[in-house]
Amino acid sequence: NFSGGLKSNYTFPKDFIFGVSTAAFQIEGGWNEDGKSESIWDRLVHTNKTFVKDGSNGDVAADSYHLYKRDAEMVHELGVDVYRFSIAWSRILPTGLTNKINALGIQYYNNLIDELIKYNITPMVTIYHWDLPQKLQDIGGWTNSHIVDYYTDYAKVLFDAFGGKVKYWVTFNEPMQTCLEGYGGTYRAPALNRHGVAEYLCAHNLLKAHASVYHLFNENYRHVNKGKIGLSLDSNWAEPKEDTPQDREAAELYLKTHLGWYAHPVYSKEGDYPAELIKLVDEKSLQQNYTRSRLPKFTPEEVNYIKGTADFFGLNHYTTYLLSMAKTPVGAIPSHENDVGIVRVQDPKWPSDSSSSWLKVVPFGFRRLLKWINKTYNNVPIIVTENGYADFSGLEDKARVAYYSHYLNALLHAMHEDKVNVQGYFAWSLMDNFEWDDGYVSRFGLYLVDFKSPNKTRTAKNSAKLYASVIRTRALPANYDPEDFTAFSG
Ligand SMILES: O=S(=O)(O)CCCN1CCN(CCO[C@@H]2O[C@H](CO)[C@@H](O)[C@H](O)[C@H]2O)CC1
């Protein structure tokens with residue numbers, strides 16, 4: 001049913017990992033403090049005055065650069081096992097390269113990690129969460145093939161500095177946002193908009209960089225503390241718009257050419273890009289008189305080098321779309337959108353009063369996506385590294401309480417009935433923060449941040465109490481009703 005499963009007394013296993021997530025650019029501030037250099041997000045929000053809805057930026061954000069002790073205390077209050085945060089490359093390596101390592105940057109993250117360990121909380125570090133040093137973008141960024149070495153050198157600095165204390169690593173957060181939206185579009189930094197070409201170059205180099213860091217870790221650092229390393233991919237669930245063969249094909253094609261674009265090379269038995277994506281881009285490139293396909297090819301050695309390079313499947317999930325085949329060409333020519341040729345919409349009947357226009361509440365989609373990943377990637381261990389709901393503000397956040405209850409209900413049914421191998425779940429986000437193009441208007445936090453107060457006061461919302469109780473009892477509240485969606489006015 002709509003909530004992903006009927007009333008049950010399913011529980012989360014004792015060894016199930018609960019966590020909470022944030023990202024450097026969204027919480028830290030201190031954008032140019034103590035030697036940190038400009039990132040592509042600093043550049044974008046400082047120069048494009050209309051990019052962020054409320055005209056804000058990440059200069060101060062939630063000021064976690066100075067308030068990390070309060071952050072660690074909040075993580076402790078929730079009772080989670082793991083805190084997932086990202087490290088800002090430009091705070092560690094101001095030139096982007098290793099010729100200058102910023103000791104004060106290293107010190108900040110050491111202070112945060114030590115604070116977490118004081119509370120017996122395990123750190124999970126996202127090595128890259130979208131904030132490339134601008135100096136590297138100036139020489140091509142993720143379209144420059146040397147970025148593979150630059151990223152590997154950066155990761156080595158982190159492994160050497162924090163490897164003894166950090167057990168979980170995530171190489172990239174949502175590579176599709178970086179490549180498709182940042183290089184192929186204008187929705188993310190660097191907003192290059194070189195659609196049809198740059199998104200494929202970005203993905204190609206990024207996947208090689210991911211594999212390079214996996215092998216570096218696997219050969220030289222894993223033994224230090226039996227650590228684990230993975231990748232966090234974002235995916236919507238894709239439901240056929242109508243129950244027809246064409247729409248079922250469109251839904252499958254969406255998953256293969258969006259999630260599979262990055263998941264297939266790493267997690268599938270055969271490796272490489274999904275055959276459907278290769279075929280579509282090759283054919284379109286030929287029709288458009290390109291001498292060679294706009295999709296770069298991996299050599300057989302590279303396919304093997306990238307295959308199997310993750311200990312877990314990190315999944316960021318929020319919402320669902322209805323898919324159908326495009327009847328006429330869609331998107332710019334050339335572009336990934338035009339190459340794939342499918343159309344996605346959302347059902348106006350779905351609960352939808354989130355402050356993020358794209359976030360509709362569709363819990364059964366979460367269960368189906370988990371099942372699809374489990375089947376497509378051979379029971380791979382999944383850690384849900386992000387899931388959450390956005391509103392405009394308030395401590396009595398009944399919609400967010402309902403969202404988490406329904407999505408955790410769907411997760412329990414995926415685990416207990418569909419036998420999906422899920423090992424952890426992280427809520428996005430610990431606190432209200434800079435929600436990219438939505439600025440501070442759309443709030444995802446379990447803790448409310450008063451951005452007007454000098455010390456950015458953080459206060460637990462009702463959803464923080466709900467999450468803490470699920471972690472403590474390993475179950476949904478007794479009064480949870482899978483049929484009740486009255487918390488959503490829309
Ligand atoms: O339908 S449209 O094409 O008009 C807009 C689609 C927008 N989605 C939003 C969710 N995003 C993945 C989530 O992105 C993640 O989720 C959080 C909330 O957004 C962010 O704060 C995190 O930094 C990010 O990891 C993928 C793109």
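Just the heavy atoms: all of them, side chains too, but no hydrogens, waters or symmetry mates, feed the values below. Just so it is clear, the model here is predicted, and its values are computed rather than measured. Each ligand, and each atom within it, is numbered from 1 in the order the structure gives.
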Should the proximity of [X] to ligand 1, defined as any heavy atom under 4.0 Å, be assigned to the side chain, the backbone, both, or neither?
X    : value
R344 : side chain
Y389 : neither
T319 : neither

[X] vs [Y] aromatic rings, parallel, tilted or perpendicular, using cut-offs 30° and 60°?
X    : Y    : value
F485 : F2   : perpendicular
F16  : F18  : perpendicular
W41  : F51  : perpendicular
Y267 : F313 : tilted
Y108 : Y68  : perpendicular
W89  : W142 : perpendicular
F434 : W436 : perpendicular

What's the shortest distance from [atom] to any protein heavy atom, and which residue and atom give it?
atom                    : answer
atom 9 (C) of ligand 1  : W358 CE2, 3.2 Å
atom 23 (O) of ligand 1 : Q26 OE1, 2.8 Å
atom 12 (C) of ligand 1 : E174 OE1, 3.4 Å
atom 17 (C) of ligand 1 : Y318 OH, 3.4 Å
atom 7 (C) of ligand 1  : Y187 OH, 3.4 Å
atom 27 (C) of ligand 1 : Q177 NE2, 3.6 Å
atom 18 (C) of ligand 1 : E435 OE2, 3.3 Å

Any side-chain donor-acceptor pair under 3.5 Å between [X] and [Y]?
X    : Y   : result
H46  : D59 : yes
Y119 : E73 : no
R458 : S64 : yes

Is [X] in polar range of ligand 1, meaning some N or O pair under 3.5 Å apart?
X    : result
Y321 : yes
E386 : yes
W428 : yes
W130 : no

Show the atoms of ligand 1 that are less than 4.0 angstrom away from any heavy atom in F444.
18 (C)

Mark up the atoms of ligand 1 that fall under 4.0 Å of a heavy atom belonging to N173, in ascending order.
25 (O)

Protein non-hydrogen atoms only, distance under 4.0 Å: does atom 4 (O) of ligand 1 have such a neighbour?
no

Please determine which of L233, D234, L370 meets the side chain to side chain contact (heavy atoms under 4.5 Å, CB included) test together with L315.
L370

Yes or no: does H129 have any heavy atom under 4.0 Å from an atom of ligand 1?
yes

